[in-house]
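Accompanying notes for the structure given below.
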Amino acid sequence: MKNRFLQTFTVSVLLIALIAVAGCKKYTKVEAASLYSISQAFADVSNATIAVIGVYDELMGYETYGQFVSTEFPYDSDEGYQEGDIDNGRRGIGRYQFTISNSDMRDAFRSLYRGVERANLCIEQIPLMPQYTKGSEVEKTDLQRLYGEALTLRAQFLFELIRNWGDVPAPLIPAYKQTSLFIGQTDRDSTYDRIIADLAVAKDLLPWRTLVPKNERITKGTAKALRARIALFRGGYSLRSNAQMERRPDFLKYYQIAKDECAELIANRAQHTLNPSFENIWRDLTSFKVDSYGERVFEVGEGGATESLLGFVNGPILSNASRYGAAIGGTRMMPSYFYAFDSVDTRRDVTITFYRVASSTNIKSVRRLGEITSGKFRRDWRVPLLPGTQQSPGFNWVLIRFSDVLLMYAEAANEINNGPDPLAITSLEEVRKRAFKNNPIGTTPTDKAGFFNAIVNERFLEFGEEGIRKYDLIRWNLLATKIAETRIKLQQIRDRVAPYDYVPEYVYFKNAGEEITWYTGSANLNTQPFWRPQQTPSPITGWSEVSWSAHLKSNVIDGKPLYQAFAGFFVTGKSELMPYDQGTLDSYQGALKQNPGY
Amino acid sequence: MKKLLQLSVFLFLGILSLNAQTLQIKGRVLEDSTNTGLPNVSVIVVETQKGVSTDQNGNFSISVAGKGSVKLRITSIGYQSQTVTTNGSKPINIVLSKEQVTIGDEVVVIGYSSIKRKDLTGSVSSLGAKQLKDNPTSSAAEAIQGKLAGVQVTVSEGAPGADVVIKVRGGTSITQENTPLYIVDGIQVDNALKIISPQDIASIDVLKDASTTAIYGARAANGVIIITTKAGKAGKTLLTYNGSMGWRELPKKLGVLSPYDYVLWQYERSRNSIADSTSFAAQYGTTWDTLSNYKNVPEVNWQKEVFGRKAQYQNHNVSLSGGTAATTFNLGFTANKEDGILLESGYDRYLVSFKLDHKISDKLKIGMTVRYLDEVIRGAGTNLSGTRTTGRLRQSITYRPFELPTPTGGLDDFDEKYYLASGGQTNPILLTKAVYRRQNTRGTYLNGYLNYKILQNLVFRSTLGYNTDYITDKQFYSKITGQARQVGSKPLASIGQDYYTTINNSNTLQYSTAINKKHDITVLVGQEIVDRNIKNTLFTTRYFPADISAEKALANMGLGAAPTGIAQPLPFTFLAPPNRIFSFFGRVSYAFKDKYLATFNLRSDRSSKFNSENGSLIFPSASVAWRFSKEKFMDNVRWLSDGKIRFGYGTVGNNRIGDLLYQQLYRVNALYSLNGAILPGFSPSALSNPNLRWERNKTASLGLDLSLFNNKVQFTMDLYKNTANDLLLAAQTPSTTGYTSQLQNIGATSNRGIEFQISATPISKGHFLWTSNFNISINRNRVENLGGVQEITRNSGWQGSGGVDDYLVKVGQPIGLMYGLITDGFYKVEDFDYNATTKIYTLKPGMVVNSVNGPAQPGFLKYKDIGGGPDGKPDGKITVADRTVIGNANPNFTGGWNNQFAYKNFDMSIFVNFVVGNNIINANKLEWTDATYPDLNMLDVMKNRFTNIDAGGQRITDPVQLAALNTNAQIWAPNKAFNYWLHSWAVEDGSYMRINNLTVGYTVPNNILKKARLSAFRIFATVNNLSNITKYTGYDPDVSARRADPLTPGVDFAAYPRSRTWVFGLNVTF
């Protein structure tokens, strides 16, 4: 009896144990309701859309186009400089003192690579979805668009990495599929060729802007315009690992790609054309209005979150106690840039601001010449206003505009034909006419060199504060030249010698309400005083005196005059690229080659 | 079948005989030393398991069915139990003698079963209710601090309900948490020390080495803490009340500059720039002429205003226990109501527990425990996990030490101008009210067990636990807070809810037998599942109407309206994957003649955190012990009552990592906006690693247990070494992969240590009893391998973004190395060349250039140049390369000493604990002596700073005058660079010896009690944290503020200061 019982019991326990063993593998295999496996994430169109939105995410925020890449990396140049004394953040970047411990540089690098990885996941998975080939027409169209977007986004991330760091590792498959996580460096030419080819695929898959809701998603025009831009960089100069600025002999091939893409866009004005008012481009942007002209071919959607600092770090300085809310005026514009504009050019007072709001009185005061700030993303234009200390007014970053398409065409055509063709001339003039409103724009040169110089100048005036100038100068191999020229110009302005002998030493203003009124002698009170060398009011009582050219005699940054201090650590053959940061070097355990000079 | 028949017959006859005859047994139980009657002694008839309790005078009377003689078992806590045989013919007198705590008969719970301490083969530290009773604190964790060898308890800060960091033998994991596994009455319970009132605890056993913990296999790498709660006792139903009331107070205030010194300093600070000078004149209404008026301005000590209150404290515990021989119960109710010393902070807790044990038959026993917790932590504290911009402690130090007249008046007004000028100074009283926080935990814990004695020596036991925790965290930030200022200076509020559910089931079968009365064998086999589920939700609303109250905002989360172009944050929910473990385990214990003992454990675990293709993991362990005192050759050694040597070796595991990291997964964590509307996006949750497996921890432990002088002294020593291999380490990956880390099984650490524990009864004479418990632990931690790299640096992060890494993890060194620059005083005037025309000081050639805080001037903070050049030689300037190890967070040794005295009806206990040889980064000090922002007050050490201002308020530049002015300067001029570098000045000795607890009690004598119809009555007074001997200059050296990363221990930053508690209470039994 006892044994029988023991037997039965033992058998049943063993049985239970056996069932448990069989079931325990299943028991410990779990899923999370809130997490998506790769196959779930690419199960249908709406999930795939969420995955692609995740790729867009890395465009926005302060680490990329919400601050570091858009408002720090492009300075110092002949266009502007980073405010403040040198540090290990944005001011170190501005002075070209790229220390490998610079966290802004590191964080941008990481964020751009996160973008590449997210794009790689989508690029791998979307074409594998059954709906991609066998779905309904709507599904196919939607998925093709998503695939095209992922390709374009990866191209943009890699392009940004290459033009800042050179021969970077270029992973083209997701990390979990990599056999080694130590992804080696790739020659930039081959990566460029790959993304130019990817964009050729993408542009055919993407819809035109007017066929879909107008928002901050990539369309056909984006892929084409970016392809043209990247082709020009592929065909331009860049700093090679031998510490030389070089361009490849087959560069015209890439100019042709740029020319063709731009020509197609120029011929299709129903999709993208110029906004008749230069100012309204930025008024609309700061008012969150959809661009009805499509001039902003593609802009990064920064709104909504609290991560983009555009309008806080750039634009005029605004007191947090004013009704406009806080802005710190981090991007300063060069006095020589100010004087590069014709007096009737409407772009200057959009691109450059010479006022600040210092207190809760909202009264504007005039900045000294060495302290003038940028203006396209100014917070005081925001509709509705956003008072207080909030650092994120929510402005979008414009990645590429239609005027860039026009000027890229002009540049490429001039290079290919050894001089401008008629479309090149009209394209340049179209940009210039808009800026000059109804005023005469002067004569456009028709020789190759003259036309090229006109392009260099027009892009300078058109794209101030848009993160374009420094990289244009690098691809033309003109960065060192223009920095040197600017140092001379700043001294000429300081000394008020030709061609800057008209620059006043001091300017005088009063406030009418909150606004500024100038002392202009007998002239109209609204006339600006910047081209009148002598203008002391008599009596001087009641007027505020502002150092104008005189300001350049004093120390502006780093305890030095501006002409010396800006781009202070720039060395050609080194500073055209940034170094890899400490963390990245460490993680590669010696397998990553640092850029020349670092 | 035959046996069953026999039993039935026996029972039948028994009933018959009950009808036939009844024995009436009377007697009295006496205490041996006083010869007085002992009340509440349990008297149980062994044969029938029926029982009664003695009355006030120790008398009892019991009727027993059946004739002849019966056995009576007489038990009372604190006394040696006795069994007597009587036929009931005449009243019997039983004399109980006080129990000596012996190695012998104490029961130790070792996982799925319990054994007597004398039979233990592994290392286990234990603590009984008696040692807990003198600490009437609400926190069980605080009550065990310093009392267990090898268990280091660090209270993160002084806030009510603050986190407690518990490490058993140093902790092994580098990047994962080191929390031990908690088992309450056989069920795995997280945060167990938080949900149990110390008054409800019967015993705590800490399993420290793999030979004992291996039975818990996979989760045991950090040690196992087993808590047994009080159960009811057969006999008279007892109603007990333990109550205490008192207050907490801030034991120490830090010295800051007086109003005059403060304004003088602001004057000095503002001299360099016209803008600052103008701002100074506007703020303080003086240039220099009237500055001395500030000598007469009344000082406001913000520490006193904010932390200075006598915070009320109440703790009530009522328990009702009793039962019959078959059924016992214990119903407990605990209520805590505490205010924190910081305004607006406090802690309320209600605990109900009910424990029921029932014997259905001789074979079948069942029981259950129901526990309910409702806890509220009030106030936002000081935000020690924040950074300079969000930490709130600093306001009480750096806010200007006086009031400026304002239209509204009062101490708690908001000065907008001051806020903006000073980079965010907010009146600290106001700030405590501006941030509202309520953290509410509701937990229900249901446990049950079934014990079935299949045969006399074969027992089946099944336990089931179902625990739920529901945590609600409500926060509100008014318009003046920094948080609100980031979102348009409009209030914001958030409600976070976390639901935790744990199911735990274990089934064991235990067989024990003795062969030839020499070989004792016990075999245990079992199976267990643990299933844990977590759900989080969080929603945040910004842009509430400017002046809304916290209550209204939290009750109307839809009331915030975002401005155009900006969206509200999206709601967040997350359902974690179930965290499951499936295990089989077994144990064989063998004893030969009670002399040679051996235990073998084996456990196999499978976890949902790892790919099932990677299989399950087997954790074996073995331990042996030799009771040498039983050997013949020891017979003559009279002073040795008992002696045993133990050795154990085994492996245990750790799987405390995120879920499903072996799969590539997406989570909803990305954002992009289309036309101003936020669109959520997927982002990869982590870089997967399909090869992940358990962390494996190997332990070897050698122990010695001695009982000396007739059990008057007990001594335990343990030596151990444990090595953790295959550590789950967040390995740095090239960021070009899109990830900066991947969890990998790389790296190894080890801990070596020695522990001593001595319990003694030095005096037991007549009415005087002195018992003493002393323990000391030494642990040495070492990083053995970091997976390829030799060292990594970590950032404790209090500096905010842009902070420089201040911790070093290096192979061959312990975790917790503080890494920074060496302070070298300050630059003297003679270190510079002076240009009298430009009035500029230039460092003389050869002087070290400070390139981390900016160009040096006389009085500037100076560091030692030790590296940066070729071959690591000094390069003449201070850079990151000049950092070196300047401190170590690991103590040389820790321990505690508890002394309990009793004289007649008086009792007293004093508990001292100590930590010796560790360093603390006093980050507060770095921040509070810094001049980055204008208008901040500083610690008073800066009063004797290097200065440029002479007695007439003139700024001195001439070198001769400047040197003369500063002949007595003791410290540098406050640093104005916008960054904090850790330097050795801020690394302090964290050693301390604290009189943690002093209690004096008086027990009312029985004769008086009898008149009051009470069973027991004791009154007592306790001081916690009475005094602390330490060189540490901060509030308290028992602090660890940066806990999110286990690699950055020992930082004191923005921690809520610890308080001293005065408590008066009573224990009554009705």
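No hydrogens, no waters, no symmetry mates; every other heavy atom, side chains included, goes into these values. Reminder, nothing fancy here: chain letters follow the sequence lines and each chain counts from 1.
Proximity of a side-chain donor or acceptor of A:Glu31 to a complementary backbone N or O of B:Pro577 within less than 3.5 Å is not detected. Side chain of B:Ser489 to main chain of A:Gly388: no donor-acceptor pair is present (N/O by atom type, distance under 3.5 Å, no hydrogens or angles). Under the 3.5 Å distance criterion, the side-chain polar atoms of B:Tyr672 are matched with a main-chain donor or acceptor of A:Gly301.
The OG1 atom of A:Thr584 sits 8.5 Å away from the CD atom of B:Gln732 when rounded to the nearest 0.5 Å. Here CG of A:Asn120 is found 11.0 Å from OG1 of B:Thr737. Values are rounded to the nearest 0.5 Å. Going from atom OH of B:Tyr666 over to atom CD1 of A:Ile38 covers 5.5 Å, rounded to the nearest 0.5 Å. Remark: A:Leu35 CG to B:Gln663 CD distance equals 9.0 Å, nearest 0.5 Å. Within the model, atoms SG of A:Cys122 and CZ of B:Phe682 stand 10.0 Å from one another, a figure rounded to the nearest 0.5 Å.
Checked against ring-ring contact (aromatic ring centres under 6.0 Å, His included), A:Tyr113 has the following partners two or more places apart in sequence or in another chain: A:Phe109. Scored by the ring-ring contact (aromatic ring centres under 6.0 Å, His included) test, A:Phe395 finds no partners at all (sequence neighbours excluded).
Between A:Tyr588 and B:Thr736, the side chains place a donor N or O and an acceptor N or O closer than 3.5 Å (distance only, hydrogens not considered).
Within the 4.5 angstrom heavy-atom criterion, atoms from both the backbone and the side chain of B:Leu665 approach chain A. The part of B:Ser688 that comes within reach of chain A is its side chain, from C-beta onward, which places non-hydrogen atoms under 4.5 angstrom from that chain. Residue contact with chain A, scored on non-hydrogen atoms closer than 4.5 Å, is absent for B:Thr793. For a residue to count as touching a neighbouring chain, one of its non-hydrogen atoms must lie under 4.5 Å from one of that chain's; by this rule B:Asn689 does not touch chain A. Contact annotation for B:Leu679: both backbone and side-chain heavy atoms come within less than 4.5 Å of a heavy atom of chain A. The contact between B:Ser683 and chain A is made by backbone and side chain atoms together, counting heavy-atom distances below 4.5 Å. Heavy atoms closer than 4.5 Å to chain A are found in the backbone of B:Pro680, but not in its side chain.
At a threshold of 4.5 Å between non-hydrogen side-chain atoms, the residues B:Leu674 and A:Tyr56 do not count as touching. Side-chain contact check for B:Asn675 versus A:Val290: some heavy-atom pair is nearer than 4.5 Å.
Each of A:Leu121, A:Val116, A:Leu585, A:Leu59 has some count of heavy-atom pairs under 4.5 Å with chain B, and the biggest count is that of A:Leu121.
Counting only residues at least two apart or on different chains, the salt bridge (Lys or Arg N to Asp or Glu O under 4.0 Å) pairs with a member in residues 107-122 of chain A are A:Asp57-A:Arg118, A:Glu58-A:Arg114, A:Glu58-A:Arg118, A:Glu63-A:Arg114.
Within residues 171-179 of chain A, the residues approaching chain B closer than 4.5 Å by heavy atoms are, in numerical order, A:Pro171, A:Ala175, A:Tyr176.
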### Task
Carefully, step by step, assess B:Leu660 and A:Val30 under the rule side-chain contact (heavy atoms from CB on, under 4.5 Å).
CA-CA 8 Å; B:Leu660 295 180; A:Val30 295; 3.9 Å; yes

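Here the closest heavy-atom approach between residue B:Ala576 and residue A:Ala32 is recorded as C-CB, 4.3 Å. The minimum heavy-atom distance linking A:Ser587 with B:Pro734 is given by the pair OG-CA, 3.2 Å.
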